[in-house]
Number of protein chains: 4
Amino acid sequence: MSVPAPMPPALLRPSRLSPESDKREHLLAAAARVLVRDGTAGLRIRDVALEAGVSTGVVHYYFGSKDEILVEALRWATRAPIQRFAELRRGGDHLTALAALLEVSLPHPGVLFDEYVLWLEFWSTVSHDASLLPLCEELATAYGNQVAALVNEGTASGAFHPVTDPDTVAVRLIAMVDGLSFRSVVGYSWMPLDRVRDLLCAFACEQLGIEPDALPQVRLDRGEPLQ
Amino acid sequence: MSVPAPMPPALLRPSRLSPESDKREHLLAAAARVLVRDGTAGLRIRDVALEAGVSTGVVHYYFGSKDEILVEALRWATRAPIQRFAELRRGGDHLTALAALLEVSLPHPGVLFDEYVLWLEFWSTVSHDASLLPLCEELATAYGNQVAALVNEGTASGAFHPVTDPDTVAVRLIAMVDGLSFRSVVGYSWMPLDRVRDLLCAFACEQLGIEPDALPQVRLDRGEPLQ
Amino acid sequence: MSVPAPMPPALLRPSRLSPESDKREHLLAAAARVLVRDGTAGLRIRDVALEAGVSTGVVHYYFGSKDEILVEALRWATRAPIQRFAELRRGGDHLTALAALLEVSLPHPGVLFDEYVLWLEFWSTVSHDASLLPLCEELATAYGNQVAALVNEGTASGAFHPVTDPDTVAVRLIAMVDGLSFRSVVGYSWMPLDRVRDLLCAFACEQLGIEPDALPQVRLDRGEPLQ
Amino acid sequence: MSVPAPMPPALLRPSRLSPESDKREHLLAAAARVLVRDGTAGLRIRDVALEAGVSTGVVHYYFGSKDEILVEALRWATRAPIQRFAELRRGGDHLTALAALLEVSLPHPGVLFDEYVLWLEFWSTVSHDASLLPLCEELATAYGNQVAALVNEGTASGAFHPVTDPDTVAVRLIAMVDGLSFRSVVGYSWMPLDRVRDLLCAFACEQLGIEPDALPQVRLDRGEPLQ
DNA sequence: GATGAATGAGAATTCATTCAT
DNA sequence: AATGAATGAATTCTCATTCAT
């Protein structure tokens, strides 16, 4: 079984034919790409403009200041994952939903990897400037609620048999996903993607009382363009 | 039972009476404090000099460039935890060592909190510039080895009864510590320090087959100046 | 006795129903208002367009450059006073004409005040760029001639008995009007409008050999909208 | 009789050998010269730096922003006249003091002319931004007090016989000085320096009840370098 | 060694002007 | 004619780095 590319829209990769609809979003995507590549400290308006294929003036035409586009880009780029998880939960049984959720939580090369990099930037930014904390917390809560709902529903339906109360297990899962994935994203050689997957699946099965073989094999094909 | 302040040396707090011997270290400490406060993106030589109580010229006298002091400061500030863990493991039985290790892994206000902020900066920096990856990986490995050694030794001695192989449990513990602590450091209101501790202790006990009551109560006194 | 509002046309105040006939004048009026508010240094095409309720493109459609609209606006806005004085001299005896002229020379809140602000801009501009000097001098001469003609005619008719030759008195009157009015316009608390009037009337009477009581009491009604 | 150059210090002209004492003042003088030449609207940091013979960074090193140096330059450059008048009043009898005061009130080419240009800038600036009004008013009051004191003392001593109360005459003198001088500064061909002097002396004599021949002939030599 | 004034390259920002629609 | 998005040159401002003292 394989999960479809999580998002059709051109998210973090350049789009040649940007619709006239939203130039602002085009710029945010460009800024997000620059952020992934250079980080908050390395973001320059010139680079955002270059990446978006426009002049620097345009960036200031749509955004008041460098700070504004930086914040907006973080806000914009980190909204995607939540939607993705919500969609995944809709279709299929709880076991399949769990497997899919774990798979799209891995830092696959492409958007998913990039999103982890951006989250690192986001957290790092927030730890020095609390003004973004509310947004950050809101996004994190939305994500946590998705996982908690899945665990709770799966437990109620008899699909999961958590080792302790469902909410605690949900928090553990979230923390474990980050704890493992970030190490992979940073580039630790002893934490390649496959190891993150193995550790994560085994952990989830243990915490949710699932037979390892009962968890459907779900893979995002590497070759599949993630946009 | 209580753990002593982990480190006598002036780590991240200003020291009035810096010995003439090591001005370089004095500057690194100042840089680390500025990094904690302003982040990599906000670090300015002027601020480091101000924090250290010297002129900007001095910073350049001891360090070739801004980049050098930034890297050196990260390197310098992130060495402490490893030493700390090594020391903690030396004295006492495995249960006590575990309890102490967990306690000093929490982002207590003060140095411990600051070290998490710096790790966030470190990871964020490395994710955009792999030149620091070897150092980062080395430090992480040293830390991982400490935990793995403790789990293995405790298992061999019969103090721990891990739910799966000891190395896997060690990795899980490390990932869980970060996954929970970072959320607390970033400022999520639903992840205060005490919740991190509770979740972590319960998790460690479960993974290591320890009766919750058997884990010694270890606290870092709040009043104790962490220097 | 009271002087009618000196000018029916929408001079410096926004006009809702601008005739299609003269868009150019509509833009000049908008530019003049912006000049009064922000000064030459603060004038931006964008603000002129905003004030006129059009796009920036329109401004460039009617005027070649920022410099052109600035100069045209000064030229346009400073023509009004001359016409005004000419009209005032036509009706009535010399004493009444003098009283009316003095009254409309005061920086009453509204157009008259604004015109002084623009003159200040004009002079300040000319003192750095002599290319506007001919226009400036021409306007000033026209104004001076009006005053001189009034003094001369009044003297010839026996209404005035100047303390020295009529032309000198005319120059003195002009200089005194500015010297007092500018201080009021700038905002000196010790030179409110009423003091300017008192000083000016007394001075004019003294210089022209008029009994103070002989000068008709002329007032611009405050309630009267100056447009 | 001739008045010595009012000010030994290098005021508005470039000084090659600036004392180490006050670089800030050196920059203000440069800014004032640029203001005289180009006006508020034309002032550029680059030009100030060029005029001062330093790099643009220096200007920002001593002044926070363009606005700050502009305001400081106006403040600095307009202090001089007051001191000058105070000094002139000290020596000699009232008639001589009056003659000297009138002479240094004329817009002689050099500093005196430049000061009028700056006052025009000052007034124009204040008319759009009242934040400078207190300073402006303070300076104007100090100047007014000097003139009023001279008129009052001269009247008390019997040297002057004003046509009306001394304070009114003082205000008239001040207003006349500006009203005539500004026209000359702006460049009106019919108001050259000599005509300003003639009109002013005649007016002062008339208002103060002095025989025209009784006013000492005081001249600032054109050739004399005003610095 | 230490200072901090000075430099100047480079980044952010502004805004007149253009031009496709 | 009108629009307003886009341009890009010009300007302000920042800050690592240098260097005379």
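Any value given below was found using the heavy atoms of this structure, including those in side chains, with hydrogens, waters and symmetry copies removed. Each chain gets a letter, A, B and so on, in the order its sequence line appears, and its residues count up from 1.
R37(D) CZ: more than 12 foreign heavy atoms inside a 6.0 Å radius. By the 6.0 Å contact criterion, CZ on R46(B) is open, its count of non-hydrogen atoms from other residues, nucleotides or ligands being 12 or less.
Between the P atom of dA11(E) and the CG atom of L50(A) lies a distance of 12 Å, rounded to the nearest Å. In this structure, CG of D47(D) is placed 11 Å from C1' of dT11(F), rounded to the nearest angstrom. Distance, I45(C) CD1 to dC15(E) C1': 9 Å, rounded to whole Å. Separating the NZ atom of K23(D) from the P atom of dG4(E) is a distance of 16 Å, rounded to the nearest angstrom. When rounded to the nearest whole Å, the span between OH of Y62(D) and P of dC13(F) equals 18 Å. Across the protein-nucleic acid pair, H26(B) atom NE2 and dG1(E) atom C1' stand 15 Å apart, rounded to whole Å. Distance, L43(D) CG to dA10(F) P: 18 Å, rounded to whole Å.
Note on I69(B): nothing from the nucleic acid sits closer than 4.0 angstrom, heavy atoms only. In this structure, L70(B) reaches neither bases nor backbone, as no heavy-atom distance under 4.0 Å exists between it and the strands shown. F63(B) comes within contact range of no nucleotide atom at all, as no heavy-atom separation falls under 4.0 Å.
Side-chain atoms of E51(C) do not come within 3.5 Å of backbone N or O of A30(C) as any donor-acceptor pair. Between the side chain of H60(B) and the backbone N or O of S65(B), no donor-acceptor pair lies under 3.5 Å.
For dT3(E), the OP1/OP2 oxygens have no side-chain nitrogen or oxygen of Y61(B) closer than 4.0 Å. The shortest distance between the side-chain N/O atoms of H60(D) and the OP1/OP2 oxygens of dC13(F) is below 4.0 Å.
Both D67(A) and S55(D) lie close to DNA chain E; mapped to their nearest nucleotides by heavy-atom distance, the more 5′-ward contact belongs to S55(D). Each of G57(A) and R46(B) has a nearest nucleotide on DNA chain F; the 5'-most of these lies closest to G57(A). Mapping K66(D) and T56(A) onto DNA chain F by nearest heavy atom places T56(A) at the nucleotide closer to the 5' end. Mapping S65(A) and G53(B) onto DNA chain E by nearest heavy atom places G53(B) at the nucleotide closer to the 5' end.
Contact of the V54(D) side chain with the L27(D) side chain is registered, since non-hydrogen atoms from C-beta on lie closer than 4.5 Å.
Rounded to the nearest 0.5 Å, atoms CD1 (I69(D)) and CD (E72(D)) are 9.0 Å apart.
Between W119(B) and F122(B), the ring-plane angle classifies as parallel under the 30° and 60° cut-offs.
Residue R44(A) has its side chain nearest to dA12(E) when only dA2(E), dA12(E), dA16(E) are considered.
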Q) Given Watson-Crick or G-U pairs with both distances under 3.5 Å, what dot-bracket string fits DNA chain E, with | for other-strand pairs and [ ] for crossing? A) .||||||||||||||||||||
